[in-house]
Amino acid sequence: MYIVKGAMLASICAVTLAGCTQQAGEAMPQPIEVSDATGAISLPEGFDRWPTLGAWATASAGPDTPVNELHTVYVSPGGIESYRKDGVFADGTVLVKAVSDVKAAPLTTGNAHWAAKDKVWFVMVKDSKNSHKDNPLWREGWGWALFDAGDPSKQVATSFEETCQTCHEPAKDSDWIYSAAYPVLHDGEPKKASWDPN
Ligand code: HEC
């Protein structure tokens with residue numbers, strides 16, 4: 001079971017105020033349970049109110065077709081700070097990529113697209129200790145999971161190898177994450193990645 005780091009800070013602060021850097025009145029993150037003893041991952045409650053790591057707009061039918069999906073990536077509280085400090089996400093950090101249909105309309109900015117109906121949620125849980133060797137969804141320092149909007153209570157990925165690996169191979173050298181696309185991790189500077197042909 002993973003408890004997000006900020007939650008541990010909250011309980012430490014409750015026990016002793018010495019060394020607690022949290023400002024009075026600042027909202028304390030609540031403990032978030034994302035996996036059980038066997039490594040079965042569930043969709044974390046309230047993830048859509050977590051900080052956003054970044055977003056993607058995709059034309060999934062091909063490069064010259066209209067944008068038809070938005071991908072919004074959320075990170076559990078404290079995750080951004082851990083990455084900016086150590087260059088890797090701290091154990092227990094949870095990433096959720098929410099995929100939605102889009103609506104589009106000519107607005108005052110141009111041909112604007114915005115998130116409409118939820119389709120699926122991809123979830124990753126950082127686990128540098130590879131704690132669940134017997135579970136095929138825990139590999140390469142992460143727990144991997146997929147949920148369909150039709151039934152968010154059911155995890156539907158079969159294994160890391162079958163459901164996730166091939167597509168994340170281009171980002172293998174950055175801990176399997178397309179991290180260069182998230183300026184908040186790099187002081188707002190765009191970062192060049194091996195998967196980026198620009
Ligand atoms: C069809 C290819 C494909 C498959 C299959 C796939 N991913 Fe991804 N994933 C990507 C790409 C490409 C990105 C970043 C760009 C985007 O979202 O369009 C991404 C981004 C993510 C992100 C946001 C963090 C990041 O790496 O930027 C998470 C979380 C994620 N994927 C989890 C998963 C999990 C868990 C699985 C398996 C259950 C999976 N993905 C399967 C291609 C894929």
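When a ligand or atom number is given, it counts from 1 through the structure's own listing order.
Among the candidates Val94, Val73, Ile177, Val75, the single residue satisfying the side chain to side chain contact (heavy atoms under 4.5 Å, CB included) test with Met124 is Ile177.
Asp134 CG: 12 or fewer foreign heavy atoms inside a 6.0 Å radius.
For atom 19 (C) of ligand 1, the closest non-hydrogen atom of the protein is Lys97 NZ, 3.4 Å.
Using a 4.0 Å cut-off between heavy atoms, Val123 contacts ligand 1 through its backbone alone, with no side-chain atom that close. When non-hydrogen atoms are compared, ligand 1 lies under 4.0 Å from neither the backbone nor the side chain of Ser179.
At least one N, O or S atom of His168, from either the backbone or the side chain, sits less than 2.8 Å from atom 8 (Fe) of ligand 1.
A salt bridge between Lys154 and Asp148 is absent, with no side-chain N of the basic residue lying under 4.0 Å from a carboxylate O of the acidic one.
By heavy-atom distance, the residue among Tyr178, Tyr182, Trp195 lying nearest atom 12 (C) of ligand 1 is Tyr178. When Cys167, Ser174, Ser159, Ala157 are ranked by how near their heavy atoms come to atom 2 (C) of ligand 1, first place goes to Cys167.
The closest approach between Ala171 and ligand 1 stays at or above 4.0 Å for every heavy atom of the residue.
Closest of all the heavy-atom pairs between Asp173 and Ser194 is OD2-OG, 3.4 Å.
Which parts of ligand 1 touch Val73 is read off a 4.0 Å heavy-atom cut-off, strictly below it: atoms 23 (C).
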